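Structure record follows, encoded as structure tokens.
Because the structure is predicted, anything quoted here is derived from the model rather than measured.
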Amino acid sequence: MTSADVARESGVSRTTVSYVLNGTAGTSISEATRRRVLEAAERLGYAPSAAARTLRSGRSDLVLCVLPDWPVGPVVETMLDHLADELAERELSVLVHHVRGERPLSHLWRTVTPRTVVGLAPFEPGEVRAMRQAGIQVVGDDGAGRGAAMVDPQPLIGRLQAERLAARGCRRVGYATTDDPRVADFAERRLAGVRAACVERGLSEPVVIPVRVDPAAGAEAVAAWMQADVDGVAAYNDDVAFAVLAGARAAGLAVPADLAVIGVDDVPLAALASPPLTTVTQSIEREASYLAACVLAALDGEDAPPRPRDAPALVERDSA
């Protein structure tokens, strides 16, 4: 349906339809005519074109957030939710594009005509140039394919985990890594921090086992760690830690007396686990606020704000 269809249905000109649907001020359109146009538009299911509106106004109210091929869990959901809330205060809408396959990003941004594109991982340099040439602001990339809007100090996370286990007297550390190849880079960087802390504390090389998020996988991993005299496990994230806790229960082990467990992310269920899960928080809400501030600074022609200095922090509970 087009505005011409609405004009025919309501018996007025296309100019009148445009004035009514766009809320144009300073026009002498009666309330009866305005109501007739709105009712016709609703009856026909008319929706104005976002692309046409952008051409008329010279601006878009859409922020395209490009999410890499990561699993969408509580952390990513929290970050996107806070980002949307922050930008809604400026009447901006967030469209999330979860990258899948090899389809070029240009197929999307040329269609939806966003005002700003936010990258959570580096863009291809050519893609950045093309977006900027099209008048789209790009946030989260320096234009050379380096950097990202959200960069977490992953080795520090692993270091915090290992240091907590060592501080409570663990003699041999295990690392419950993820079996999801999409986040293997995060897991390896966290493991590097665990390894570095073990070396500094005079502990052996951590015993690394991939753990699926199910009780059977947790039980299998716990049995292997018991054979290797592991008494403390650092998990890639809280979900993997939950599987380890389930495996410890299945083996009749007491946590943390027989096996200490520590996760990452501090998801809401961490405090409800049995026992409550010690974990590392990444201040996702602050990171989302920083992303929103970067977008608004770009819209206002200002320099990007300084990155928050909040480091990952330990959340102490009963499991470690």
Q.
Keeping Asp180 on the side-chain end and Arg182 on the backbone end, is there a donor-acceptor pair under 3.5 Å?
A. yes
(Q) Between Arg159 (side chain only) and Gly193 (backbone N and O only), is there a donor and an acceptor less than 3.5 Å apart? (A) no
Q. Above 12 or not: heavy atoms from other molecules or residues under 6.0 Å from CZ of Arg212?
A. no
Q | Residues Ile29, Val20; criterion side-chain contact (heavy atoms from CB on, under 4.5 Å); working and verdict | A | CA-CA 8 Å; Ile29 298 173; Val20 171; 4.0 Å; yes
Q: Indicate yes or no for a side-chain donor-acceptor contact from Asp231 to the backbone of Arg171 under 3.5 Å, with no hydrogens or angles considered.
A: yes
Q. Which heavy atom of Gly174 sits nearest a heavy atom of Val230, and at what distance?
A. N-CG1, 3.4 Å
Q | Salt bridge flag under 4.0 Å for residues Asp69 and Arg100 | A | yes
Q.
Taking Val117 as the starting point, is it possible to reach Val112 by hopping between hydrophobic residues whose side chains are less than 4.5 Å apart?
A. yes
Q.
I'd like to check the side-chain contact (heavy atoms from CB on, under 4.5 Å) partners of Arg103; sequence neighbours left out, ordered by chain and number.
A. His107
Q.
Assess, by modelled atom type and distance only, whether the side chains of Thr78 and Asp81 contain a donor and an acceptor separated by less than 3.5 Å.
A. no
Q: Grab the two heavy atoms, one from Ala273 and one from Phe242, that are nearest each other, plus how far apart they are.
A: CB-CE2, 4.0 Å
Q | Val211 and its side chain to side chain contact (heavy atoms under 4.5 Å, CB included) partner, picked from Val240, Thr178, Val233, Asp179 | A | Val240
(Q) Quick one: does any side-chain atom of His82 pair with a main-chain N or O of Glu77 as donor and acceptor, under 3.5 Å? (A) no
Q. In chain order, what residues pass the side-chain contact (heavy atoms from CB on, under 4.5 Å) check against Leu160, with sequence neighbours excluded?
A. Leu156, Val280, Pro312
Q) Strictly by modelled atom types, are Ser30 and Thr33 linked by a side-chain donor-acceptor pair under 3.5 Å? A) yes
(Q) Do Leu269 and Val315 land in one hydrophobic cluster if side-chain heavy atoms of ILVMFWY residues count as linked below 4.5 Å? (A) no
Q. Should the pair Asp229-Arg172 be classified as a salt bridge under the 4.0 Å nitrogen-to-oxygen rule?
A. no
Q) Can you find a heavy atom in the side chain of Ser106 that is under 4.5 Å from one in the side chain of Glu127? A) yes
Q) With sequence neighbours left out, what residues match Asp318 under side-chain contact (heavy atoms from CB on, under 4.5 Å)? A) Pro275, Pro276
Q: Over all heavy atoms of both residues, which pair between Leu277 and Gly263 is shortest? Give the atoms and the distance, please.
A: CD1-N, 4.1 Å
Q | Considering all heavy atoms, the nearest Pro206-Leu191 contact | A | CG-CD1, 4.3 Å
Q. Which value, rounded to the nearest 0.5 Å, describes the distance between Leu203 atom CG and Leu165 atom CG?
A. 9.5 Å
Q: Go through the steps for Leu291 and Glu86 under the test side-chain contact (heavy atoms from CB on, under 4.5 Å), then give the verdict.
A: CA-CA 9 Å; Leu291 287 180; Glu86 296 261 355; over 6 Å; no
Q) Okay, side chain of Trp109, backbone of Pro114: is any donor-acceptor separation there less than 3.5 Å? A) no
Q | Over-ring placement of Arg189 relative to Phe186, 6.0 Å and 45° cut-offs | A | yes
Q. Between OH of Tyr236 and CD1 of Ile157, what distance do you get to the nearest 0.5 Å?
A. 9.0 Å
Q: Show your working on side-chain contact (heavy atoms from CB on, under 4.5 Å) between Leu108 and Leu64 and close with a plain yes or no.
A: CA-CA 9 Å; Leu108 178 61; Leu64 175 62; 3.7 Å; yes
Q | Ion pair check, Arg90 and Asp300, cut-off under 4.0 Å | A | yes
Q. Between Arg249 and Leu253, is a side-chain contact (heavy atoms from CB on, under 4.5 Å) present by the stated rule, with each step listed?
A. CA-CA 6 Å; Arg249 285 194 298 272; Leu253 300 177; over 6 Å; no
Q: Starting from the C-alpha separation in whole Å, work towards a yes-or-no answer on side-chain hydrogen bond (donor to acceptor under 3.5 Å, both in side chains) for Ser13 and Thr16.
A: CA-CA 5 Å; Ser13 69; Thr16 298; 3.0 Å; yes
Q) What are the two closest non-hydrogen atoms of Val128 and Phe123, and how far apart are they? A) CG2-CB, 3.5 Å
Q: Provide the closest heavy-atom pair for Ala228 versus Val207 in the form atom of the first, atom of the second, distance.
A: CB-CG2, 4.2 Å
Q.
Less than 3.5 Å apart, any donor N or O on the side chain of Thr279 or Asp238 sitting next to an acceptor on the other?
A. yes
Q) Do Gln161 side-chain atoms and Ala235 backbone N/O form a donor-acceptor pair below 3.5 Å? A) yes
(Q) Using 0.5 Å steps for rounding, measure from the CG atom of Leu67 to the CG atom of Leu80. (A) 6.0 Å
Q.
One thing to verify: whether Arg14 and Asp5 come together as a salt bridge, which I'm taking to mean a side-chain N less than 4.0 angstrom from a carboxylate O.
A. no
Q. Is a side-chain N or O of Gln137 found less than 3.5 angstrom from the main chain of Ala298, in a donor-acceptor match?
A. yes
Q: Please round to the nearest 0.5 Å and tell me the distance separating atom OG1 of Thr278 and atom CZ of Arg168.
A: 8.5 Å
Q. Do Asp265 and Thr281 touch side chain to side chain, with heavy atoms closer than 4.5 Å?
A. no
(Q) With a sphere of 6.0 Å drawn around CZ of Arg43, does it hold more than 12 non-hydrogen atoms of other residues, nucleotides or ligands? (A) yes
Q | Gln227 CD: over 12 foreign heavy atoms closer than 6.0 Å | A | no
Q | Spacing of Glu220 atom CD and Ile209 atom CD1 [to the nearest 0.5 Å] | A | 8.5 Å
Q: Using only heavy-atom distances, determine whether the side chains of Ser10 and Arg36 contain a donor-acceptor pair under 3.5 Å.
A: no
Q) Quick one: does Arg164's side chain have a donor or acceptor within less than 3.5 Å of a partner on Ile262's backbone? A) no
Q) How about Cys65 and Leu95: do any of their side-chain heavy atoms sit closer than 4.5 Å? A) no
Q: Working to the nearest 0.5 Å, report the span between CZ of Arg110 and CE of Met131.
A: 10.0 Å
Q.
If you define the side chain from C-beta out and look only at heavy atoms, does anything of Val118 sit under 4.5 Å from Val63?
A. yes
